[in-house]
Visitor: 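Supplied in structure tokens, the structure appears directly below.
Remember, it's a predicted structure, so these values are computed and weren't measured experimentally.
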Amino acid sequence: GGGVPGDLRVVITDMAHKLTDLTTSSTSIEKGHQRQLTSLAQSLARHHDQLGHLSRQSREQSKHLAAAAEAAAASHQAQIDHLAAHLSQQQADMTSLAANLSHHQSAVTEQLQSLSSKLDRLASSLPPGRHGAP
């Protein structure tokens, strides 16, 4: 007969290795994303603290200001509170994004490992000696 071009077992094993490499690379990318999200969350926390400090300063200053200045301080305070709420929401969104990313990564890794296992089983179930010349 014409024989099988190449060695099917080698091709399948090579595919399994490539899937393993893809899994590793995918995990590495996910860890990078997690680091970026952690860094962003820390940065948001710092901004949140700065806003808290501004808020306290604003309250202290308003005690010493005239009635007109107090009205301006109240407006300033409302803006700060609005920004703080917005930052809190962004922080929550980021935490949720990190969780979704992690969940998605786990699902992808699971699928790749499952496929890799199936290919390994397929390779080992092939009869030996399929080395036909092309």
Visitor: Before giving the answer on side-chain contact (heavy atoms from CB on, under 4.5 Å), spell out for Ser43 and His47 the whole-Å C-alpha distance, their side-chain angles and the decisive distance to 0.1 Å.
Guide: CA-CA 6 Å; Ser43 172; His47 287 142; 3.6 Å; yes
Visitor: Would Leu122 end up clustered with Leu112 when hydrophobic side chains under 4.5 Å apart are linked, directly or stepwise?
Guide: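 Yes, Leu122 connects to Leu112 through the hydrophobic network.
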Visitor: I'd like to know if the side chain of Thr109 pairs up with that of Gln105 as donor and acceptor (distance under 3.5 Å, no hydrogens or angles considered).
Guide: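 Thr109 vs Gln105: donor-acceptor pair found between side chains.
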Visitor: Can you give me the closest heavy-atom contact between Thr20 and Ser116, atom names plus distance?
Guide: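 In this case the closest contact between Thr20 and Ser116 is OG1-OG, 3.9 Å.
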Visitor: Can you confirm whether Glu110 sits close enough to Ser106 that some side-chain heavy atom of one is under 4.5 Å from a side-chain heavy atom of the other?
Guide: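 Sidechains of Ser106 and Glu110: no contact.
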Visitor: Considering non-hydrogen atoms only, spot the tightest contact between His48 and Ala84 and give its length.
Guide: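 That closest heavy-atom pairing would be NE2-O, 3.7 Å.
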Visitor: Between Lys18 and Asp14, is any pair of side-chain heavy atoms under 4.5 Å apart?
Guide: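 Sidechains of Asp14 and Lys18: in contact.
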Visitor: Dump the intermediate steps for side-chain contact (heavy atoms from CB on, under 4.5 Å) on Leu51 and Asp81, then the final yes or no.
Guide: CA-CA 8 Å; Leu51 281 170; Asp81 290 344; over 6 Å; no
Visitor: Take Leu97 and Asp93 through the test side-chain contact (heavy atoms from CB on, under 4.5 Å) and record every step on the way to the result.
Guide: CA-CA 6 Å; Leu97 178 62; Asp93 290 349; over 6 Å; no
Visitor: How about CD on Gln34, more than 12 heavy atoms from neighbouring residues, nucleotides or ligands closer than 6.0 Å, or not?
Guide: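 Enclosed: over 12 neighbouring heavy atoms sit under 6.0 Å from CD of Gln34.
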Visitor: Between Gln77 and Ser55, do the side chains contain a donor N or O and an acceptor N or O under 3.5 Å apart?
Guide: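 Looking only at side-chain atoms, Gln77 and Ser55 do form a donor-acceptor pair, the distance falling under 3.5 Å.
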Visitor: Could you tell me the separation between the CG atom of Asp120 and the CD atom of Gln113, rounded to the nearest 0.5 Å?
Guide: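 Atom-to-atom, Asp120:CG and Gln113:CD are 11.5 Å apart.
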Visitor: To the nearest 0.5 angstrom, please state how far the NE2 atom of His82 sits from the NE2 atom of His86.
Guide: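 If we round to the nearest 0.5 Å, His82:NE2 and His86:NE2 are 7.0 Å apart.
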Visitor: Taking atom OG1 of Thr38 and atom CE of Met94, what is their separation to the nearest 0.5 Å?
Guide: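 It comes to 10.5 Å.
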Visitor: Any non-hydrogen side-chain atom of Thr95 less than 4.5 Å from a side-chain atom of Leu37?
Guide: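 Of all side-chain heavy-atom pairs linking Leu37 with Thr95, none is under 4.5 Å.
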Visitor: Hydrophobic cluster membership, with links at side-chain heavy-atom distances under 4.5 Å among I/L/V/M/F/W/Y: are Val10 and Leu19 in one?
Guide: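 Val10 and Leu19: separate clusters.
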Visitor: At their closest point, which heavy atom of Ser58 faces which heavy atom of Ala73, and how far apart are they?
Guide: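 Looking at all heavy atoms of both residues, the closest pair is OG-O, 4.0 Å.
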Visitor: In Å and rounded to the nearest 0.5 Å, what is the CG to NE2 distance from Leu101 to His103?
Guide: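 Leu101 CG to His103 NE2: 11.5 Å, rounded to 0.5 Å.
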Visitor: Roughly how far apart are Leu40 CG and Gln91 CD, rounded to 0.5 Å?
Guide: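 Nearest 0.5 Å value for the CG-CD distance: 10.5 Å.
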Visitor: Okay, side chain of Thr27, backbone of Thr23: is any donor-acceptor separation there less than 3.5 Å?
Guide: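 Here the side-chain-to-backbone pair exists.
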Visitor: Would you mind reporting whether Leu119 and Thr13 have side-chain heavy atoms less than 4.5 Å apart?
Guide: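 Sidechains of Leu119 and Thr13: no contact.
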Visitor: Set out, in order, the CA-CA distance, both residues' side-chain angles and the distance that settles side-chain contact (heavy atoms from CB on, under 4.5 Å) for Ile80 and His76, then state yes or no.
Guide: CA-CA 6 Å; Ile80 287 172; His76 184 181; 3.3 Å; yes
